Every structure is written in structure tokens, then in C-alpha cells.
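Just below is one structure, and these are the notes that go with it.
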Amino acid sequence: MKLSTEALTVAFSGHAKSALDRVSLAVEERRTLAIVGPSGAGKTTLLRVIAGLLKAHSGDVRLDGRSIATLPPRLRRIALVFQDDALFTNMSVRENLRFAIRDASRSDGDRVTSTAVALHVAEHLDRRPRHLSGGERQRASIARALLSDPIALLLDEPLAHLDPSLRRSVRDEVIGLRQRFAGPILYVTHDHVEAMSVGDDLAVLVEGRIEDVGEPQRVYDAPRTLTVARFLGERPMNLFDDGARIAGIRPEHVRIVANGTLRGRVVRREPTGADAYLEVETLRGVLVVRVGAADGARPGDLVGLELPAPFLRHFDRASGIAAQAEQPA
Ligand code: ATP
């Protein structure tokens, strides 16, 4: 089953800009589309429209090409898991999971147990949600969504309130979901690393518009627009004037070499553990360079830089759209 949106537009009254501006996306069976974007980009609004909780002003939501835009939420069979899980607090986890099963007459004990095992919440089945950790509750919410037999699954920042180790374990659970759930998954996050590890495809949503969509590594390496180049990455892509256009190169692709074509002075060094980011003042502005933690360059040092041609990207100054990478200037 393919889930798609066609030119979805949502404008909230009192807002000058549309929360969603002609958003067209498609997620195939067995594919996970990660949607990444800054706060306020329209991510939650998009999921709410797809689930049927909010009506778009124009555009369409389709399953295998057929419009479901006029169906009420429960008939769409699209499960939405929020960043704040919404388990019933007065029920045990087991009761919460059972409650989700559509056809209650069916023998459901085995399904509840096997889904709980798959999401590593089986030992908590008889507890109330408030006695679970945030990660356990989030996994129970995902189990509950799966038990409702959805055609598609929408996950809205499921890791948002979790600490780093829990984030990793729930993220692995989401990646592992593929063995149990074959439908399309939309996974919303504002964390690009999470988006790249979870998504088969990656869409970047900024101010209600899809700026880029495609294979995650391609979107990272060769962003379609300046906005994406600035948004994706631990540090944004370095951008500088290059004649009529704007050139860009990622910090990890700039090399420190003895006889670099570009020279500069290190003005800052920020260690991150395995690596360090150097800020180097050059004639082209301050460039951020990722180096190994053992690299000895320190603030005040003069260094030579090389910007390897295969990693240079060029963008049109007026439109911000990428041209094909060309030779370095
Ligand atoms: P975050 O990452 O912070 O959750 P988001 O990308 O999910 O953000 P949305 O919650 O979809 O963003 O909001 C998109 C825009 O629409 C924001 O400017 C928000 O203020 C506005 N908005 C969202 N819901 C409503 C509403 N019910 N009424 C009015 N404006 C709204």
C-alpha cells in the first residue's frame, strides 16, 4: 500500500504563512520516510492531516492512489504515535494493548504478547503506564499502534523526551519494526542523525515546504537547496561566495594540508570526543573544518586548506537551488 500526499496546504487563521505549502510526498510499502525539519516547520501538522485529525485547505491524502481525505480518522486505519505517549493511565499496559485491537472477538492474547515481546515491554504488561520509564511507555505506545492493524504508521518525534541511551534503544526498536509491519512509515523528527538512521528516504520540511526529498546520504551530500545545506549536519555546510554563485563544502571534507590553496588562522577549536571542529579565518570567511581529536592545530596557528573539487557544491544565489558540482575556483 502506498501512502501519498498531493499538494497539501494548511493555513491557520492569524498566521501570515501557510503551515503546509503544497506538500507532496509518497511512501511505498516497506519504506520508512523520515521527515526532518526545525521547530514550527509543519511536521506535526502534516501527520495530523494524514491521520485525519485536521482538514487541509487544499490537496489530497491517498492510499494506493485513492483519496482518503474525506474519511474520518478511524476509517483511515492510519496509526499516529505522538511524542507524548497517550496510554490510558487507569489501565495496565496489557489492557492498553488489548484495547487497541480492532476485532475484539478474536483471540488476541498471543498477539498482545508477541508484539510486547518484539518491543521489549513484555515484562511490563501488568503494570500501569506511570510505573514505566519514558522509553518503555514509548515502546508500549508503538506496540499499541501496531496492534490496531494500521495500513500506515505515523511516528511523531517518538524519541523527543528520552535520554540518549533510551533514544538509541527505541530507535533500534523502530528500525526493527520492519519485521512485523510492512506498511509505509512516516517518522518525524527534528534530529537529522536520527532521521538518517531511521529513514530509507529523507524529506526536509522547512516553513511548510519540502525543500528536498530522496536517499538520505544524497540529501546530506548534495542538498537541493541552500536551506537544506544549512539545516542538515552536526555543523552546517560551509558556504562562501564563488563568483556569481554560492559554493558549499561540508566541514569533514575540508582538508588541512601543508601547501593548501587557501590559508587561514585557527580562531577556535571545539572538541567533540572523537573529533574536533576548527574555525579557520580565511579570505573566504570563517570555514569550519572537522579534524581528528589527535590533530594538533590550535587557536592562533596558521594552516593551509584544500577544498577537494568532488565535495564542492554550487548554489544559485537568487533561487538557492543547487547546480551540479563543478571545479573549485
Ligand atoms: P515542532 O518540531 O516544534 O513540534 P512542527 O514542525 O511539528 O514543530 P507544527 O506543530 O506542525 O510544527 O506547527 C507548524 C506551524 O503551525 C507553527 O507555526 C505553529 O505555530 C502553527 N500551528 C500548529 N497548530 C496550530 C493550530 N492549531 N492553530 C494555529 N496555529 C497552529
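First listed ligand is number 1; within each ligand, the first listed atom is number 1. All values reported here derive from a predicted model rather than from experimental measurement.
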For residues R144 and L87, report the shortest heavy-atom separation together with the two atoms involved.
NH1-CA, 3.7 Å

So which heavy atom on L8 is nearest to which on G59, and how close?
CD2-C, 3.9 Å

Note, I78 side chain near R76 side chain (heavy atom, < 4.5 Å):
yes

Taking every heavy atom of M237 against every heavy atom of R313, the minimum-distance pair comes out as CE-CG, 4.0 Å

Look at the aromatic rings of F99 and F88 and report parallel, tilted or perpendicular, splitting at 30° and 60°.
perpendicular

Pairs under 3.5 Å, N/O atoms on ligand 1 and on the protein: can you put them in a table with the distances?
from: ligand 1; atom 1: 2 (O); to: K43; atom 2: NZ; distance (Å): 2.8
from: ligand 1; atom 1: 3 (O); to: S39; atom 2: OG; distance (Å): 2.6
from: ligand 1; atom 1: 6 (O); to: A41; atom 2: N; distance (Å): 3.0
from: ligand 1; atom 1: 6 (O); to: G42; atom 2: N; distance (Å): 2.9
from: ligand 1; atom 1: 6 (O); to: K43; atom 2: N; distance (Å): 2.9
from: ligand 1; atom 1: 6 (O); to: K43; atom 2: NZ; distance (Å): 2.8
from: ligand 1; atom 1: 7 (O); to: T44; atom 2: N; distance (Å): 2.9
from: ligand 1; atom 1: 7 (O); to: T44; atom 2: OG1; distance (Å): 2.8
from: ligand 1; atom 1: 8 (O); to: G40; atom 2: N; distance (Å): 2.8
from: ligand 1; atom 1: 11 (O); to: T44; atom 2: N; distance (Å): 3.4
from: ligand 1; atom 1: 11 (O); to: T45; atom 2: N; distance (Å): 2.9
from: ligand 1; atom 1: 11 (O); to: T45; atom 2: OG1; distance (Å): 2.5
from: ligand 1; atom 1: 12 (O); to: G42; atom 2: N; distance (Å): 3.2
from: ligand 1; atom 1: 30 (N); to: H15; atom 2: NE2; distance (Å): 3.2

N238 and R250 have their tightest heavy-atom pair at ND2-C, 4.1 Å

